[in-house]
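Read the structure below first, then the notes.
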Amino acid sequence: MNPFHAPWNPSARQAAPEANATDLGLSRRRLLAGTSAAGLGALLPWAPARAATPTPQRGGTLVLAIFPEPPVLTTIAHTANNSYFVSAKVTEGLLDYDFDLNPQPQLAVSWQVSPDGLRYVFKLRPKVLWHDGQPFTSADVAHSLNLLKEVHPRGRATFANLSEVRTPDPLTVELRLSAPVPYLLNALAASESPIVPKHLYSSGRAESNPVNNAPIGTGPNRFKEWVRGSHLVLERNPDYWDKPRPYLDRLVIRFIPDAAARSAALEAGEVHLAPNTPVSLADVGRLRAAGKLHFSSEGYQYVNSVFRLEFNLERPFFKDVRVRQAFAHALNRQTIVKTAWYGLASSPPGPVAPGLKRFFHADLAVPVYDPERAGRLLDQAGYPRGADGVRVRLTHDPMPHEGGLRTSEYIKQALGKVGVEVSLRSSDFSTYIKRIYTDRDFDFNFGGMSNTFDPTVGIQRLYWSKNFKRGLPFSNGSGYANPEVDQWLEAAAVETDLAKRQALWIAIQKAIVRDLPDITLVAPDNLTVASPRVHQHTVGALGVAGNLAHVWLAA
């Protein structure tokens, strides 16, 4: 083994124990893996996951807290984080997903995939109505998929190979592809690829359609009102296809900007449910010890967030890989997890989050914490200490995020010990995005990124040289270019054999850890906090970002 590298050791993480599904009144059931038929000879029926729980009680109002307030309420043309937590409550997708990302029925009840991966046939759920009373048909699906291909930030890539959508009858949709899209069946969730009514989206620009802010869908909740800066009210859809759901009479979504205020509201019972670690990380231990709230890290398998230190490879200083290696050796990953994230995270060895189980590879050559080695590498690269002990002065831009800001404070201290003087530049989110992706005015940054449900969708954008474009956010911010990695990324994007695709992604991960255009330091434990009154808020991979049709409130 290389004495300067070590394999990833998940047992070394400092995470505190968490409530499991059983603690929340859930009995999680794993379904058999597999996402497609061998051919077009037979339809594949898929049974939705069901949890063994007490008898649900009907009625009541659930208060859900999120922050920041979403810019729009549907995700047909947007990927804003908290629109993700709202959209699927009203609009639905063709498929839902269990905890292992196996497809489950939603608006589609069955599906077939041809052996060459170029033809998909979906049978749709009958007798489904839009909230305005119009019937849901295959024409709505065809129109929505074409819109996603045209205007959705990720859909433009996901559906780039979609050459034709056929609708032979009102309950059948056939997709014809020009090249395989091996992750397509995992891209059809309500939050990612919502199905919207054709009769309301057939004219004008989808991204500016007023229906985006007063949505009409097929889901368990109907839009009632949106009071900007305060809350959103959704009411029970009495005509929902999945009887007897939904159980709630009303869902109120409050926008609470302050973490302390969210904690207080949860403790007081004024808020029943809040996703995405809604309280301060420093407050989690106290709230857990009090025992009045339930915590769960389930329901984030569709997102798989990581935080990365990213180098600007246009800067001469960072063009030398020895400099980047020195930075990696100067940082103690477990100190970051323990102190900056209060143990509520792990430190993955490479660019793939551990939650993306089918593609995560633990056996990577991770640079070990060794400040002396870091200093020698900087010396070798031609950056000795000056009379004042400083080798170089750099600016560092952290994304405005609680754990991220604390990590950047640690990075500043750790690099200072090896002679790199770092000035932190704090900014709001929009300024941070502009500085990194448009102005290219940074030395190195630290920020979060979603792996999503598939590495081609969530990770390729970060390392593909063709995705290095000024002004394109959440893309190849480092400016990394490796022709061999490009070749592997492009091959993995169309490879339908899972084993071959996994092998390609192992090669990609090894190359990224060797070349170090960035350093993936943290995979946070996204937490959902719930009142003990709340049952079945997380029944699959989307968690609270799902439709919440199964949720019920105990008296």
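Residues take their numbers from the sequence shown, with the count starting at 1.
Relative to the six-membered ring of Tyr369, Arg333 misses at least one condition, a distance below 6.0 Å or an angle of at most 45° to the axis.
Relative orientation of the Phe453 and Tyr183 rings is tilted, given thresholds of 30° and 60° on the angle between their planes. Between Phe311 and Phe327, the ring planes are perpendicular. Angles over 60° get that label, and only those under 30° would be called parallel. Ring planes of Tyr463 and Tyr480: perpendicular class, angle over 60° (limits at 30 and 60°).
Taking CD from Glu192 and OG1 from Thr452, the interatomic distance works out to 7.0 Å, rounded to the nearest 0.5 Å. Note that the OG atom of Ser347 and the CD1 atom of Ile336 stand 6.5 Å from one another [nearest 0.5 Å]. Taken from CG in Asn482 to CD1 in Ile512, the straight-line distance is 7.5 Å, to the nearest 0.5 Å. Here the OH-CZ distance, from Tyr410 to Arg406, works out to 15.0 Å after rounding to the nearest 0.5 Å.
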Steps toward salt bridge (Lys or Arg N to Asp or Glu O under 4.0 Å) verdict (Glu267, Arg262): CA-CA 9 Å; Glu267 287 187 279; Arg262 292 193 293 271; over 6 Å; no

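Contacts of Glu270 classified as salt bridge (Lys or Arg N to Asp or Glu O under 4.0 Å), with partners at least two apart in sequence or in another chain: none.
With hydrogens and angles left out, the side-chain atoms of Arg461 and Asn476 include no donor and acceptor closer than 3.5 Å. Side chain to side chain, Ser475 and Asn467 fail the donor-acceptor criterion of an N or O pair below 3.5 Å. Between the side chains of His396 and Ser423, no donor-acceptor pair of N or O atoms lies under 3.5 Å.
Using a 4.5 Å heavy-atom threshold, the side chains of His361 and Val352 count as separate. Residues Leu287 and Ser263 have side chains in contact (heavy-atom distance under 4.5 Å, counting atoms from C-beta outward).
Identified under the salt bridge (Lys or Arg N to Asp or Glu O under 4.0 Å) test for residues 511-521, with sequence neighbours left out: Arg308-Asp518.
Between Ala545 and Ala88, the shortest heavy-atom distance links the atoms O-CB, 3.3 Å.
Residue Lys466 places its NZ atom among 12 or fewer non-hydrogen atoms of other residues, nucleotides or ligands, all under 6.0 Å distant. For Arg385, the CZ atom counts as densely surrounded, since its 6.0 Å shell holds more than 12 non-hydrogen atoms of other residues, nucleotides or ligands.
Here the side chain of Arg470 pairs a donor or acceptor atom with the backbone of Thr438 at under 3.5 angstrom.
A side chain to side chain donor-acceptor pair (under 3.5 Å) with Ser87 holds for exactly one of Asn82, Asn547, Thr75; it is Thr75. Evaluated for a side-chain contact (heavy atoms from CB on, under 4.5 Å) with Asn186, the options Leu95, Leu101, Asp454 yield exactly one hit, Leu101.
Ring pair Trp341/Phe307: centre-to-centre distance below 6.0 Å.
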